Enquirer: 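After the structure tokens below, expect a handful of questions from me.
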Amino acid sequence: MASPAAGVVVIVGSGLIGRSWAMLFASGGFRVKLYDIEQQQVTNALENIRKEMTFLEQSGSLKGSLGAQDQLSLISGCLNIQEAVEGALHIQECVPENLELKKKIFAQLDQIIDDQVVLSSSTSCLLPSQLFAGLAHVQQCLVAHPVNPPYYVPLVELVPHPETAPATVDRTHALMRKIGQSPVRVLKEMDGFVLNRLQYAVISEAWRLVEEGIVSPSDLDLVMSDGLGMRYAFIGPLETMHLNAEGVLSYCDRYSEGMKRVLKTFGPIPEFSGATVEKVNQAMCLKVPADPEHLAARRRWRDECLQRLAKLKRQMPSQ
Ligand code: NAI
């Protein structure tokens, strides 16, 4: 576990993702300063984190080796950015997904940070070359994109700006490992990074299959949750190829013609509009009505499933 004396982590923006990061860094023993422009947001965040950590401790799912009380004592709210960043080793930006707002915040931070701290953005889809263009400390900047909910889904995509120093990526990679996350290096920036490109490929074909009347929306989802998704929680598509034949070479030998034949039948990019939206929406609302209460209840259920899956993954011996 990291010693609090090893440094301070600053979270800029105490919304949904900022709170999760705060909990993760505290679980690794880091001191966390949670900065926001809204006092109420910070107050709500600290209260929400306290409840969440107490619940996690009671259900045996609290991360890290410290108890909830000790982890909570590592997190403090802050409304002064200059004070917050003093002596920090890592700054994780978590403000709303708006390029101009993020650029403004990075320009402000660029003026007040030292040459050591890593400046990291949680952005889901803005490119590092847009976010960090022209910053004096660009070598210290990168994107560290988490997956919602980050406390249970450990993947973090690390995406450098073309001028990011390799040491910045290495340090962030090590830091993410220290707090129990699973970082991957995206070697060059690319729209959608990796996770969303895969996700959009799946959504795209799912949409076309429903649009063409090949399968119902609810059965389509079942193909993933009771089929592909079961194995993808443990092995990726490339290892799946390796295991589903006598290695990748044999898989390509056996199945490449079939894959190419099927892939040629994939249609154009869907419009995500018209009758298919109605059809998908109706099916989803039948299962989970789209009002705040039902959606929140279903998200809680999803998070509990993910929490148990995360536990199972930790318990499985790795080969
Ligand atoms: P949110 O809306 O829940 O929280 C944003 C917070 O930033 C609020 O507390 C707000 O008061 C604060 N804020 C606004 N302007 C500020 C400023 N100038 N200085 C400091 N704080 C400021 O947003 P959320 O969902 O937490 O998203 C944050 C980032 O994380 C976005 O870039 C988003 O794309 C990314 N992300 C979100 C995921 C999600 O599922 N919500 C998943 C992965 C990444």
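Quick caveat: nothing in here was measured; it's all calculated off a predicted structure. Order of listing sets the numbers, starting from 1, for every ligand and every atom in it.
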Enquirer: Applying side-chain hydrogen bond (donor to acceptor under 3.5 Å, both in side chains) to Asn48 and Glu52, what does each step give before you reach the verdict?
Expert: CA-CA 6 Å; Asn48 175 277; Glu52 194 66 18; 5.3 Å; no
Enquirer: Who's closest to atom 18 (N) of ligand 1 heavy-atom-wise, of Leu99, Val147, Ile105, Val12?
Expert: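 That would be Ile105.
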Enquirer: Flag the pair Phe25 / His90 as yes when their ring centroid distance falls below 6.0 Å, and as no otherwise.
Expert: yes
Enquirer: Please report whether atom 4 (O) of ligand 1 has a protein non-hydrogen atom at a separation of less than 4.0 Å.
Expert: yes
Enquirer: With heavy atoms of Cys94 as the reference, note each atom of ligand 1 found under 4.0 Å away.
Expert: 5 (C), 6 (C), 7 (O), 28 (C)
Enquirer: If you measure from the Lys or Arg side-chain nitrogens to the Asp or Glu carboxylate oxygens, is any gap between Asp170 and Arg185 under 4.0 Å?
Expert: yes
Enquirer: Give the atom numbers and elements of ligand 1 that come within less than 4.0 Å of a heavy atom of Glu38.
Expert: 11 (O)
Enquirer: Can you sort out which atoms of ligand 1 are near Thr123, meaning under 4.0 Å from one of its heavy atoms?
Expert: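 This gives 32 (O) as the contact atoms.
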Enquirer: Distance to 0.1 Å, residue and atom name: give those for the protein heavy atom nearest to atom 14 (C) of ligand 1.
Expert: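 Looking only at protein heavy atoms, the one closest to atom 14 (C) of ligand 1 is Pro96 CD, 3.6 Å.
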Enquirer: Are the side chains of Val262 and Tyr255 in contact, using a 4.5 Å heavy-atom criterion?
Expert: no
Enquirer: Under the criterion side-chain hydrogen bond (donor to acceptor under 3.5 Å, both in side chains), I'd like the reasoning laid out for Ser14 against Gln41: C-alpha separation, chi angles, the key distance, then a yes or no.
Expert: CA-CA 6 Å; Ser14 61; Gln41 275 293 94; 4.6 Å; no
Enquirer: Whether Glu257 and Lys260 form a salt bridge (side-chain N of Lys/Arg under 4.0 Å from carboxylate O of Asp/Glu) is what I want to check.
Expert: yes
Enquirer: Specify the protein heavy atom at minimum distance from atom 36 (N) of ligand 1: its residue, its atom name, and the distance to 0.1 Å.
Expert: Ser124 OG, 3.3 Å
Enquirer: Less than 4.0 Å is my threshold; does some heavy atom of Glu93 fall inside it relative to ligand 1?
Expert: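 No.
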Enquirer: Among all the protein's non-hydrogen atoms, which is closest to atom 40 (O) of ligand 1, and how far away is it?
Expert: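 The closest one turns out to be Asn148 CB, 3.2 Å.
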Enquirer: Between Val95, Ile11, Ile81, which one has a non-hydrogen atom sitting closest to atom 22 (C) of ligand 1?
Expert: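 Checking each option, the heavy atom nearest atom 22 (C) of ligand 1 is found in Val95.
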Enquirer: Check each atom of ligand 1 against the heavy atoms of Lys102 and keep those under 4.0 Å away; list them by number with element.
Expert: 31 (C), 32 (O)
Enquirer: Is the closest side-chain heavy-atom distance between Leu74 and Arg31 below 4.5 Å?
Expert: yes
Enquirer: Distance alone, cut at 3.5 Å: any donor-acceptor contact between the side chains of Gln92 and Ser122?
Expert: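 Per modelled atom types, Gln92 and Ser122 side chains form a pair under 3.5 Å.
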Enquirer: Would one find an N or O of Glu97, backbone or side chain, under 3.5 Å from an N or O of ligand 1?
Expert: yes
Enquirer: Please write down residue, atom name and distance for the protein heavy atom closest to atom 26 (O) of ligand 1.
Expert: Ile17 N, 2.8 Å
Enquirer: Do the side chains of Glu304 and Arg308 get close enough for a salt bridge, i.e. N-O under 4.0 angstrom?
Expert: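 Answer for the salt bridge query: yes.
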Enquirer: Tell me if the CD atom of Glu86 is crowded by more than 12 foreign heavy atoms within 6.0 Å.
Expert: no
Enquirer: Identify the closest protein heavy atom to atom 9 (O) of ligand 1: which residue and atom is it, and at what distance?
Expert: Gln41 NE2, 2.5 Å
Enquirer: Does His145 approach ligand 1 within less than 4.0 angstrom via side chain, backbone, both or neither, non-hydrogen atoms only?
Expert: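 It is the side chain that touches ligand 1; the backbone stays farther off.
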Enquirer: Which of these, His145, Lys102, Glu97, sits in a side chain to side chain donor-acceptor pair (under 3.5 Å) with Thr123?
Expert: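 Filter result, single survivor: Glu97.
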Enquirer: Which residue and atom name correspond to the protein heavy atom nearest atom 35 (C) of ligand 1, and how close is it?
Expert: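 Here the closest protein heavy atom is Ser122 O, 3.3 Å.
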Enquirer: Return the closest protein heavy atom for atom 15 (N) of ligand 1 as residue, atom name and distance.
Expert: Ile37 CD1, 3.5 Å
Enquirer: How far is atom 1 (P) of ligand 1 from its nearest protein heavy atom, and which residue and atom is that?
Expert: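 Here the nearest protein heavy atom works out to Gly15 CA, 4.0 Å.
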